[in-house]
2 protein chains.
Amino acid sequence: MEISFTEENYLKAIYALSHFYEAGEVTTNQISDRLKNKAATVTDMLKRLAEKKLISYKRYQGVKLTEKGRITAIKVIRKHRLWEVFLVEKLKFSWDEVHEIAEQMEHIRSDELIEKLDDFLGKPKFDPHGDPIPDASGKFSTQKSFSLSLANRKASLIIAGVTDHSKSFLQYISNSGLKLGDNLKIEDWNDYDQSMKIKINNKHILFLSNKAASNILVENKK
Amino acid sequence: MEISFTEENYLKAIYALSHFYEAGEVTTNQISDRLKNKAATVTDMLKRLAEKKLISYKRYQGVKLTEKGRITAIKVIRKHRLWEVFLVEKLKFSWDEVHEIAEQMEHIRSDELIEKLDDFLGKPKFDPHGDPIPDASGKFSTQKSFSLSLANRKASLIIAGVTDHSKSFLQYISNSGLKLGDNLKIEDWNDYDQSMKIKINNKHILFLSNKAASNILVENKK
DNA sequence: ACAAATTTTTAGACCAGTCTAAATTTTTAA
DNA sequence: TTAAAAATTTAGACTGGTCTAAAAATTTGT
Ligand SMILES: [Mn+2]
Ligand SMILES: [Mn+2]
Ligand SMILES: [Mn+2]
Ligand SMILES: [Mn+2]
C-alpha cells in the first residue's frame with residue numbers, strides 16, 4: 001500500500017503536534033494550521049489515513065497515529081534530518097538554507113539509499129539544528145538538553161540545538177557568532193525581563209532576550 | 001509558472017525521442033509507449049504543455065519542444081545524471097541500481113542544490129553510464145564515441161559508455177569484467193553473425209554478440 | 001483512388017487533493 | 001442549563017492526471 005508525499009506530510013505533522021502538545025490526541029485545526037490547509041481538507045485526509053490504518057480517528061474526537069503511522073512518520077523524519085546533515089556537511093549549505101530542500105528530499109523512496117547515506121555521513125546522531133536523528137530501527141538518542149531560558153544563573157553550558165527553525169532566527173544566531181558545540185557561560189541575568197548576558201567560548205559577550213534564550217537548547221558541561 | 005514532476009517527465013521523454021528518431025517531430029504513440037500511458041492521456045498532456053508554451057503542437061501533427069521546453073528538459077537530465085554520479089561515486093551504489101533513484105531525485109527543485117552538488121562531485125562531464133552531463137548553461141561536452149559494433153576490425157579502443165541502461169545488460173557487462181575506461185582490442189571478428197572476440201586491458205578475452213557490442217560505446221585510443 | 005488499417009483525438013468517467021459554504025457537534029461561559 | 005461561539009464535518013465543486021470506448025483524421029496498400 002503506497003503512501004503519498006501528501007500523506008507523509010500529514011503523518012509528520014501529526015507526529016510533531018502530538019509531541020508538542022503533550023496530550024495524545026491531535027485536533028483537526030492544529031493540523032490545518034500547521035499545514036496551511038483548510039479544516040475541511042484535513043477532515044478528508046484524516047478519513048483516508050484512517051482507512052489505511054495509519055491513524056485512529058473518531059469523528060469530532062481528534063486523531064492519534066497507529067504504530068504503523070508512527071513508524072512511517074519517524075522514517076520520514078530520519079530522512080529529513082539525514083539529508084539536512086548531507087546538505088550542511090557535504091554541500092556546505094548554511095543551516096538556515098537546508099530545511100526547504102530537505103522537505104523535498106525526505107520523500108525519496110529507497111531504503112538502500114537512506115542506509116547508504118547514513119553510512120556516508122558517519123551515522124550522525126543529530127542534525128544541523130541539534131535535533132536527534134532516529135536510527136534505522138526508529139530509536140532516538142535521548143537528548144539531555146533543555147532551554148537556555150530555564151538554566152541556572154552562572155551555569156556553564158554547551159549549545160546543543162535550537163527550537164525555532166525559522167531562517168531569521170537561525171541567521172540571527174549565526175550572525176551573533178553562536179554555533180552548536182560552543183561553550184556558554186551565563187554572566188548576568190536580568191530579573192525584570194529575563195534577558196541575560198552570556199559569554200561564548202570564553203571570548204565574546206552577548207546579550208540575549210528571553211525570547212531568544214527560550215529557543216536555544218543547552219546541556220550541562222560535563 | 002510551476003512545472004510538475006509529471007510534466008517534467010513528459011518533456012524529458014519528448015527530448016529523448018526527438019534525438020532518438022532524428023526527425024524533429026515526436027508522435028503521440030512514441031510518448032505513450034515510452035511513458036506507458038495511454039495515447040488519450042498523452043493527448044491531454046500535450047494540450048497542457050502547449051498551453052504552457054513548453055512544446056509546439058498541432059493536432060495529428062506530432063510535437064516539438066520549444067526553447068523553453070528544451071531548457072527545462074536538459075535541466076532535468078543534468079540533475080538526473082549528477083545524482084547518478086553521486087550515488088555511484090559517493091554512496092557506492094553499482095551502476096545498475098541508480099537509475100530508479102535518480103528518476104526521483106531529478107525532480108528536486110533548487111538551483112543552488114544542483115550547482116553545489118556539481119561542485120561537490122568535481123563537475124563531472126559524464127555519468128556512470130558514459131552519458132554526457134550538460135553544464136549549468138545546458139551545453140553537452142561532445143562525445144566522440146561510437147558503437148563497438150561499427151568499429152574497425154583489429155581496432156584499439158576505450159570503453160566510453162553504454163546505450164542499453166537495463167539492469168540485466170549493465171549486470172552482464174560488469175560481470176564480464178568490463179567497465180568505463182577499460183582498454184579494448186578487437187582480436188577476432190565473425191562475418192556470419194557479427195560477433196567478436198575482444199581483449200580487455202591486455203588481459204581477459206571475451207566473446208561478444210553483435211547485440212551486446214551494439215550497446216557498447218567506444219572511442220579511439222589517442 | 002479509395003478502402004482498410006493505424007494513429008490520434010474527443011467524450012465521459014474516476015481518484016487524490018484541494019477549496020468554499022453550509023450543516024452539525026462540541027465547548028464555553030453567562 | 002442553555003444560548004452563543006468555536007470546532008468539525010458534510011456537500012458540492014474544481015484541477016491534474018489517469019483510464020476506456022468511440023469518433024475522426026491520417027497513412028498505407030492494392
Ligand atoms: Mn514534506
Ligand atoms: Mn533540522
Ligand atoms: Mn522522472
Ligand atoms: Mn545514466
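All values derive from a computational prediction rather than experimental measurement. Below, read A as the first sequence line, B as the second, and so on, with proteins coming before strands; counting in each chain starts at 1. Atoms considered below: every heavy atom in the structure, side chains included; atoms not considered: hydrogens, waters and symmetry mates.
- Of the N and O atoms on the side chains of B/E97 and B/S94, at least one donor lies less than 3.5 Å from an acceptor on the other residue.
- B/N29 has its CG atom 12 Å from the C1' atom of C/dT9, to the nearest Å.
- Considering only the side chain of B/S4, D/dG17 comes nearest among D/dT9, C/dT8, D/dG17.
- Atoms NZ (B/K47) and P (D/dT15) sit 15 Å apart, rounded to a whole Å.
- Here C/dC19 is the nucleotide among C/dT8, C/dC19, D/dG17 with the atom lying nearest to any side-chain atom of A/N37.
- The nearest whole Å value for the distance from the CE atom in B/M45 to the C1' atom in D/dT18 is 10 Å.
- No side-chain donor-acceptor contact under 3.5 Å links B/N37 to the backbone of B/T41.
- B/T43 has its side chain within reach of B/K47: a pair of non-hydrogen atoms, C-beta onward, lies under 4.5 Å apart.
- Screening B/L11, B/I114, B/D111 against B/K75 for a side chain to side chain contact (heavy atoms under 4.5 Å, CB included) leaves a single residue, B/D111.
- Distance, A/L49 CG to C/dG17 P: 9 Å, rounded to whole Å.
- Taking the six-membered ring where the residue is Trp, the centroids of A/F86 and B/F86 are separated by under 6.0 Å.
- With a 4.5 Å cut-off on side-chain heavy atoms, A/M196 and A/N190 do not count as touching.
- Nearest nucleotide to the side chain of A/Y10, out of D/dT8, C/dT18, C/dT8: C/dT18.
- Using a 4.0 Å cutoff on non-hydrogen atoms, the parts of residues 50-57 of chain B near DNA chain C are B/Y57, ordered by number.
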Set out, line by line, the N/O atom pairs under 3.5 Å between protein and nucleotides 20-28 of chain D.
residue, atom, partner, partner atom, Å
D/dA25, O4', B/Y60, OH, 3.2

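- Note on A/T6: only backbone sugar-phosphate atoms sit closer than 4.0 angstrom, heavy atoms only; bases stay farther off.
- The interatomic distance linking A/L46 (CG) with D/dT8 (C1') rounds to 10 Å, in whole Å.
- Computed from coordinates, the A/E2 CD to C/dA16 P distance equals 13 Å when rounded to whole Å.
- Atom NZ of A/K58 and atom C1' of C/dT25 are 15 Å apart (whole Å).
- If you take CZ of B/R48 and C1' of D/dC14, they are 14 Å apart, rounded to a whole angstrom.
- Annotation: salt bridge (charged side-chain N to carboxylate O under 4.0 Å, His left out) contacts of B/K123 (sequence neighbours excluded): B/D118, B/D119.
- Side-chain rings of B/H80 and B/H99 approach one another, their centers coming within less than 6.0 Å.
- B/H165 and B/F169 have their aromatic ring centers separated by at least 6.0 angstrom.
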